[in-house]
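Order of the sequence lines fixes the chain letters, A, B, ..., with proteins taken first and strands second; residue numbering starts at 1 for each chain.
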Amino acid sequence: MIENTISKLLVDCVKSLYDSELPSNLAQVQKTRPDFEGDYTVVVFPLLRISKKNPEQTANEIGEFLQNSSEYISGFNVVKGFLNLSISDSYWLNFFNDNWLKDKFGKVDIKDEQALVIEYSSPNTNKPLHLGHIRNNLLGWSVAEINKAAGKNVKKVNLVNDRGIHICKSMLAWQKYGEERKPNDIGIKGDKFVGDYYVKFDQEYKKEIANLIESGSDKEDAEKNAPILLEAKQMLKKWEEGDTEVRELWQEMNQWVYDGFDISYKRMGIDFDKVYYESDTYLLGKSLVEEGLEKGVLFKKEDGSVWCDLSDEGLDQKLLLRADGTSVYMTQDLGTAQLRYDDYNPTDLVYVVGNEQIYHFDVLKKVLKKLGRSWADAIHHLSYGMVELPHGKMKSREGTVVDADDLMDAMYDTAKTTSEELAKFDDFTEEESDKLYNILSLGALKYFILKVDPKKTMMFNPEESIDFTGNTGPFIQYTHARIKSVLRKAKEAKINYNLNFDNHQLEDKEKSLIKLLSDYPIIIQHAAENYSPAVIANYAYELAKEYNQFYHALPMLKEENETKRSLRLAISEFTANTIKSAFELLGIDVPERM
RNA sequence: GGUCUCGUAGCUCAGCUGGAUAGAGCAGCAGCCUUCUAAGCUGCGGGUCGCAGGUUCGAAUCCUGCCGGGAUCACCA
């Protein structure tokens, strides 16, 4: 805000002093580094060509001009080619008076016309959610909320991969070895139950391969022709033909998985505006493929399979339909993209999908373009990095997958132990304690994951993730609770701190905190543009850290000067509200006491 | 091999649309609770920003090459 003002003044200044138009990209205004005096700094080096004077002279001339043209610029100093401007306390107090009671400080009202559809989660229905899915879900949900706060009309959608060979594998294994058991019979979550049969399939498949190799087949042949795999393929074909028995089993098993997923989603605090199912969209995908054949942009091979030739775009040929007529991943993604476009006519179609699928989305866009869909350009693949463990990658085969539910349980236990050790409150009911442990454990987990730049591969160290000190969710939650405690005491003492704050000489820590608070609106915009919850997380941490310094440096309830006391309490409330607001964008709750 | 990515303190990460002496946390050491929540605060030590060139008044940031890690190039999703 003030940066823009200074920037505009600078353009005027150059015009008036040197009779020259300053391109706005040269009007550089940045925050002054803390070890120098001042609030904002103009770098004058780029202006020397225009001023034709040395850096010090130029900086002094400009400084003089700026100070005279704005009541808020109270002084300046020049160090080398850096012009450091001091902003008057009255500016910061004005900002503070205008904003500290605003509910939606930093947020922009949503404009209807800018539909932004964001797909995330996109689970397969053959196994439970793991740590990788957690990153996806947290990112997708948070990016959606951040963009809402930035004024976008956001629609959160999920695309459930409810059909395909992988589900058939679980179904087949259950038919063969399930003995009619159901998840409720043995008290296990439905998604875990179905996942176990997926594992079972794999075990049997491996056995059959081994047997085939022993009886003389080569490896590749054995992998292709293992009877249980052929059976699963047969089942997929039956499914696509609409075979009643297969479809019924499919529906029943999928429902078990959905019931399980719902529990995990609810616990994570994840929701959607609309859920798409691949089983509803793959036919549309197939019809798009037909359309492409008619238009002659796709071709059929001798065996009947359909392909798209992208060699003129530097890519390869890509299969869109198998020879037996069944569809692949790409087929249904064409369909869902079309459906989503028809449903929302969005300006942006964001897909939160791991970076291992960069190539897939490249192809998806290009095929859609070939089909004449110009809106393919709206597709944006938010490709996030993998989550690694200290011992390497998660591999289901090696049993190193971190299960989502187990992880949340473990975090809960740690939150409980830590809270009990600190033993701050003995007046919490069991319900209140349970609620607090949930808030803290999920806060720790979500913050740990979201504070890292989405694009980067991240290391998930279980020991560090449950740490509650330093740059962690609970530290920031603690800061909020601490502020709330002070404010409660102020209320008990019937202190009214809702005053107008003018003509007050700001202390360093008061000013730096107000300055930081004034950044929040820009932070939201920046985070939205970059689809990066990490920007919000890092800001919340800065804010909490700054507040704790303020808290230690300055008394509040014990301050006798009424204006000072009131201002500090008001700053505290503003900070608590901003921490809460920022954490809401990350899907993290903050406690009143902890 | 082609394409894409990443490489910053012992570890995990900020900073990257070029700006001043590169920042946090964890871990280590030393202080601060008869004062508003010590899940906190303060201080100390810790760096050739992978390496080498280039562009620039100025490079962790941009370009090229190399080294090292990862992803991908499936009739899996």
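With hydrogens and angles ignored, the 3.5 Å screen pairs no side-chain donor or acceptor of A:Tyr282 with any backbone N or O of A:Thr336. The closest donor-acceptor contact from the side chain of A:Asp162 to the backbone of A:Glu278 lies under 3.5 Å. At distances below 3.5 Å, at least one donor-acceptor pair connects side-chain atoms of A:Thr417 with backbone N or O atoms of A:Asp413.
As a whole-Å value, the separation of A:Phe475 CZ from B:U37 C1' is 13 Å. Nucleotide B:G7 holds its P atom 11 Å from the NZ atom of A:Lys455, rounded to whole Å.
Both A:Asp35 and A:Lys451 sit near RNA chain B, but only A:Lys451 has its closest nucleotide nearer the 5' end. Comparing A:Asp467 and A:Lys31 along RNA chain B, the residue whose closest nucleotide (by nearest heavy atom) sits nearer the 5' end is A:Lys31.
Taking only side-chain atoms of A:Val486, from C-beta outward, the nucleotide of B:A20, B:U37, B:A14 with the closest atom is B:U37. Side-chain atoms of A:Asn538 lie closest to B:A14 of the nucleotides B:A14, B:A38, B:C11. Nearest nucleotide to the side chain of A:Thr41, out of B:A20, B:C57, B:U37: B:A20. With B:C4, B:U12, B:G40 as the choices, the nucleotide that has an atom nearest any side-chain atom of A:Glu464 turns out to be B:U12. With B:C41, B:U37, B:A20 as the candidates, the nucleotide lying closest to the side chain of A:Ser485 is B:U37. Which of B:U37, B:U21, B:G40 sits closest to the side chain of A:Arg33 comes down to B:U21. Among the nucleotides B:C36, B:C6, B:A20, the one closest to the side chain of A:Thr32 is B:A20. Residue A:Met556 places its side chain closer to B:C36 than to any other of B:C36, B:A20, B:C41. Distances from the side chain of A:Lys80 to the nucleotides B:C6, B:C36, B:U21 place B:U21 closest.
Pairing of B:G1, defined by two Watson-Crick or G-U wobble distances under 3.5 Å, is identified with B:C73. The partner of B:G43 is B:C29, by the rule that a Watson-Crick or G-U pair needs both atom distances under 3.5 Å.
By the 6.0 Å and 45° rule, A:Arg482 stacks over the aromatic ring of A:Tyr551. Because its NZ or CZ atom is not both nearer than 6.0 Å to the ring centre of A:Tyr497 and within 45° of the ring axis, A:Arg565 does not count as a cation-pi partner of that residue.
Of the charged side-chain nitrogens involved, at least one lies within less than 4.0 Å of a carboxylate oxygen, so that A:Lys366 and A:Asp362 count as a salt-bridged pair.
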| task | Encode nucleotides 72-77 of chain B as B, S and - characters from 5' to 3', where the letter depends on protein heavy atoms closer than 4.0 Å: B to the base, S only to sugar-phosphate, - to neither. | result | SS-BSB
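Between A:Thr41 and A:Lys31 there is no side-chain heavy-atom pair separated by less than 4.5 Å.
Both thresholds, 5.5 Å between centres and 30° between ring planes, are not jointly met by A:Tyr478 relative to the base of B:G40, so the two rings are not stacked.
Contact annotation for A:Phe36: base contact, defined as any heavy-atom pair under 4.0 Å involving a base atom.
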